Amino acid sequence: MFTGRKLLPIFIESGECLQVNKTAVDTSLASPKAVNELIEAHGFTFRRSLGQNFLIDGNILRSIVHIADINQTDTVVEIGAGIGTLTRALASLAKRVFALEIDQRLNPVLADTVAQYDNVELHNADALEMDWQAFWLEHNLGKVKLVANLPYYITSPLLINLFEAELPLEKMVVMMQREVAERLVAEPGTKAYGTISVLANYYSDVKVCQIVPPTVFMPRPAVDSAVVMFTINHNKHETVDGALLWQVIKAGFAQRRKTLINSMASASPFKGSIEKTELRSLLESSGIEPDVRAERLNVDDFVTLTSRLATMSGVSNQEKGWSNERQ
Ligand code: SAM
């Protein structure tokens, strides 16, 4: 069993040192030496296709749990436990940690590294295939913080799934590739602004907290990363059906070089189910110029459009061929 426990205080942005309830963060696995020793002891080999870039920097680790503001009343869901580096840091501060990992080859490593924490529950699961609402129900989860150093290949689809599941999340603190982080906070009218920018800002306040160089991972990824904080805020905008909103956003950006009306008219679920003239009047009555590009619309524009669409007089959404059901 891995019993080493390196305890370091949390640093806050001002450079001051902050003890959290006298309990310091467990950063014992965040070093090249610790990772090398563990993978050698278990004969583990990294799988690039699973985005296995493990954290080896205690400062970044402390920074993540500090941004997530983890305390003893928190239940945390972690995605992609790896060898347990972030899992241990979270477990040293939180009440409970549910750690998900797809790669069963890591089970013996994790059994070793998190054995001393009885507040950790490990689950072998593919985060992209999860039924999140069922998971929440099964484990009787209330307001939860989600913290992860995500494999790059799942970042965008996972965020979409999590937002669409409309879970009672309090906040998410996620390490991801810098380019996706930049898209999440992009302003309308910019090249980086797209579907995920609109969706994330409908459900939350998004902040890029820190840019992280490849040197803090083993092995090193090819690009910079970023720590992003999402403060979930369901009252930010008028409430509309989330699934329908996502369909509208996707249709708007389906052919982003086309005008909004042309992009929407030729995309599912509108293609073949709504006349262009009808679409034009829908856009105009929502206060949106039909001949702009989707990238000019802000979140409220998409919300207004979705709201109007949902209440289009005389015709139910089902008859129109689009559904309010999640897909
Ligand atoms: N949390 C560890 C750390 O910070 O060092 C590991 C992070 S590593 C970037 C991402 C982890 O996610 C890997 O251990 C990988 O096996 C796991 N993973 C990859 N795809 C996954 C998926 N679809 N569902 C759950 N875990 C996944």
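Numbering of ligands and ligand atoms starts at 1, following listing order. Being a predicted model, the structure only gives us computed values, none of them experimental.
The aromatic rings of Phe302 and Phe253 sit parallel, their planes meeting at an angle under 30°, below the 60° perpendicular limit. Between Tyr203 and Phe163, the ring-plane angle classifies as parallel under the 30° and 60° cut-offs.
Of the N and O atoms on the side chains of Ser263 and Gln255, not one donor lies less than 3.5 Å from an acceptor on the other residue. For the residue pair Asp26/Tyr117, the side-chain donor-acceptor check at 3.5 Å is satisfied.
In summary, the atoms of ligand 1 found under 4.0 Å from a heavy atom of Asp126, numbered by their order in the structure, are 22 (C), 23 (N), 24 (N). Remark: ligand 1 atoms within the under-4.0 Å shell around heavy atoms of Phe54 are 5 (O), 6 (C), 14 (O). Under a 4.0 Å criterion applied to the non-hydrogen atoms of Pro151, ligand 1 contributes the atoms 10 (C), 12 (O), 18 (N), 19 (C), 20 (N). Near Ala125, meaning under 4.0 Å from any of its heavy atoms, are these atoms of ligand 1: 24 (N), 25 (C). Under a 4.0 Å criterion applied to the non-hydrogen atoms of Glu78, ligand 1 contributes the atoms 1 (N). Interface of Ala81 with ligand 1, defined as ligand atoms under 4.0 Å from a residue heavy atom, comprises 1 (N), 2 (C). The Gly82 neighbourhood of ligand 1 comprises atoms 6 (C), 14 (O), with distances under 4.0 Å to a heavy atom of that residue.
What sits closest to atom 21 (C) of ligand 1 on the protein, heavy atoms only, is Ile102 CG2, 3.5 Å. The protein atom (non-hydrogen) at minimum distance from atom 24 (N) of ligand 1 is Ala127 N, 2.9 Å. Closest to atom 19 (C) of ligand 1 among all protein heavy atoms lies Leu50 O, 3.1 Å. When hydrogens are left out, the protein atom nearest atom 1 (N) of ligand 1 is Gly80 O, 2.8 Å; that is the closest non-hydrogen contact.
Put simply, the side chain of Glu78 never gets that close to the backbone of Val147: no donor and acceptor are under 3.5 Å apart.
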Query raised in the report: Can Met176 and Ser225 be said to form a side chain to side chain contact (heavy atoms under 4.5 Å, CB included), step by step?
Result: CA-CA 5 Å; Met176 63 181 71; Ser225 303; over 6 Å; no
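At under 3.5 Å, a nitrogen or oxygen of Asn149, whether backbone or side chain, sits near a nitrogen or oxygen of ligand 1. Checked by distance only, ligand 1 and Gly51 stay at 3.5 Å or farther apart across all their nitrogen or oxygen atoms. Residue Ile83 has no nitrogen or oxygen atom sitting less than 3.5 Å from a nitrogen or oxygen atom of ligand 1, judged on distance alone. Looking at ligand 1, you won't find any N or O of Leu86 less than 3.5 Å from one of its N or O atoms.
Residue Tyr153 places a heavy atom less than 4.0 Å from ligand 1.
The salt bridge (charged side-chain N to carboxylate O under 4.0 Å, His left out) search around Asp301 returns none, not counting sequence neighbours. Under the salt bridge (charged side-chain N to carboxylate O under 4.0 Å, His left out) criterion, Glu238 pairs with no residue, sequence neighbours left out.
Separation of atoms CG (Leu158) and CE (Met172) is listed at 8.0 Å; rounding is to 0.5 Å.
Residues Lys95 and Asp74 are not paired through a salt bridge, judged by the lack of any N-O separation under 4.0 Å between the basic side chain and the carboxylate. Between Asp291 and Arg280 there is a salt bridge, since a side-chain N of the basic residue sits under 4.0 Å from a carboxylate O of the acidic one.
The heavy atom nearest to atom 14 (O) of ligand 1, considering only Gln52, Gln104, Glu101, is found in Glu101.
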